[in-house]
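As the structure lists them, so they are numbered: ligands from 1, and atoms in each ligand from 1. Just so we're clear, the structure is a prediction, and the values are computed from it rather than from any experiment.
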Amino acid sequence: MALELVTIPCLSDNYAFLLHDTGTGDTALIDIPAAGPILAELARRGWTLSDVWITHHHDDHVQGLGEVLAAHPARVTGAAADAHRLPPLDVQVADGDTLEFAGNTVAVMDVSGHTVGHVAYYIPAANTVFTADSLMALGCGRLFEGTAEQMWGSLTKLMALPADTLVCSGHEYTAGNAKFALTIDPDNPELISRNEQITVARATGVPTVPSTLALERATNPFLRASDPGIRSRLGMTDASDAGVFAEIRARKDAF
Ligand code: ZN
Ligand code: FE
């Protein structure tokens with residue numbers, strides 16, 4: 001049976017996602033920035049939630065949960081490590097755990113860095129990973145709790161997924177991320193053309209999320225710490241990949 005993916009803009013620049021199995025009718029919601037647009041999308045499609053998968057504890061990813069559950073009493077999954085600061089969980093997960101969704105495997109990946117306890121959900125049958133504020137379109141989450149080493153480790157795990165994986169991240173930050181990326185990697189032709197496509201998409205209100213892992217590997221400066229051109233531009237030819245990543249992250253914080 002087919003898995004259908006729906007991207008739902010919420011608040012000013014957040015995204016929630018629905019994953020729907022057309023055979024069983026099972027529907028998972030990934031993050032709950034705001035109940036209104038999510039409930040409207042479910043009603044419009046006539047879908048009922050079976051699952052909610054939470055990526056991390058920040059308000060802009062969980063605050064709509066109570067209102068959504070009042071209408072759709074679904075099973076709520078989140079990181080065991082964050083159970084003390086997440087809404088009540090029915091299922092607690094950790095790195096390497098798997099869930100079952102409509103007969104498909106969902107792999108839980110710890111992707112700490114933005115927060116410690118942030119998880120991603122990878123569904124091989126849908127070629128899709130929900131990364132929220134870890135790997136983002138042309139970016140990565142700010143390091144509020146974790147270290148640069150931790151985030152680099154998380155991004156390295158995500159980079160190892162198949163190239164055609166859809167990357168469903170949590171925010172529409174892509175246009176700003178592209179401006180920064182061009183300061184790090186100005187001669188990258190794929191980045192230059194992606195930036196042009198982003199400008200067109202945003203001018204017409206089209207989301208730039210999801211992207212693909214292949215595109216992120218080719219253009220996202222936070223995944224390109226081993227690129228010789230970037231290293232020489234930063235004067236860091238002999239640094240570790242994690243060290244180059246940390247420098248790029250620090251520059252973005254100051255951008
Ligand atoms: Zn966050
Ligand atoms: Fe966020």
Side-chain angles (χ1 to χ4, degrees), residues 5-19 28-38 41 52-68 76-87 89 93-95 108-122 128-155 157-158 166-181 198 202 207-211 216 220 222-223 245-246 248-250 252-253 255:
L5 176 70
V6 178
T7 304
I8 307 174
C10 295
L11 308 173
S12 60
D13 56 24
N14 276 76
Y15 288 117
F17 300 92
L18 296 173
L19 189 68
L29 164 66
I30 298 85
D31 283 350
I32 324 95
I38 293 167
E41 190 67 37
V52 180
W53 302 335
I54 298 172
T55 61
H56 68 295
H57 72 90
H58 285 156
D59 284 350
D60 64 313
H61 297 259
V62 299
Q63 63 199 0
L65 182 62
E67 206 181 326
V68 166
V76 180
T77 298
D82 266 350
H84 63 287
R85 56 181 181 174
L86 289 174
L89 300 174
V93 291
D95 187 52
V108 177
M109 303 169 70
D110 180 286
V111 290
S112 289
H114 173 69
T115 64
V116 173
H118 192 310
V119 290
Y121 297 92
Y122 171 51
T128 299
V129 64
F130 298 98
T131 59
D133 297 356
S134 58
L135 173 59
M136 305 175 91
L138 276 181
C140 75
R142 208 174 262 264
L143 302 176
F144 287 119
E145 297 175 8
T147 64
E149 298 255 323
Q150 261 176 320
M151 182 61 107
W152 177 249
S154 299
L155 295 178
K157 284 196 283 187
L158 291 167
L166 281 176
V167 179
C168 296
S169 52
H171 289 271
E172 184 58 60
Y173 292 163
T174 321
N177 287 345
K179 283 195 183 65
F180 170 73
I198 290 162
R202 294 314 296 155
T208 63
V209 172
S211 59
E216 296 307 326
N220 185 328
F222 296 100
L223 298 186
F245 166 79
I248 297 171
R249 186 59 256 178
K252 176 67 164 64
D253 292 344
F255 183 68

In the protein, how many N/O/S atoms are under 2.8 Å from the Zn ion (ligand 1)? 4
Kindly say whether [Y] contributes a backbone atom to a donor-acceptor pair with the side chain of [X] at under 3.5 angstrom?
X: Gln63; Y: Ala34; answer: no
X: Asn220; Y: Met136; answer: yes
X: Tyr121; Y: Ile54; answer: yes

Judged by modelled atom types alone, do Ser112 and Gln150 share a side-chain donor-acceptor pair under 3.5 Å? no
For residues Glu145 and His57, is any side-chain donor paired with an opposing acceptor at under 3.5 Å? yes
Stepwise, does the side chain to side chain donor-acceptor pair (under 3.5 Å) test hold for His56 with Asp133? CA-CA 8 Å; His56 68 295; Asp133 297 356; 3.2 Å; yes
Above 12 or not: heavy atoms from other molecules or residues under 6.0 Å from CD of Glu41? yes
To make sure I understand the geometry: which N, O or S atom in Asp133 is closest to the Fe ion (ligand 2)? OD2
N/O/S from His171 sitting under 2.8 Å away from the Fe ion (ligand 2): yes
Suppose you place the vertex at the Fe ion (ligand 2); what is the angle out to Asp60 OD2 and His61 NE2, to 10°? 90°
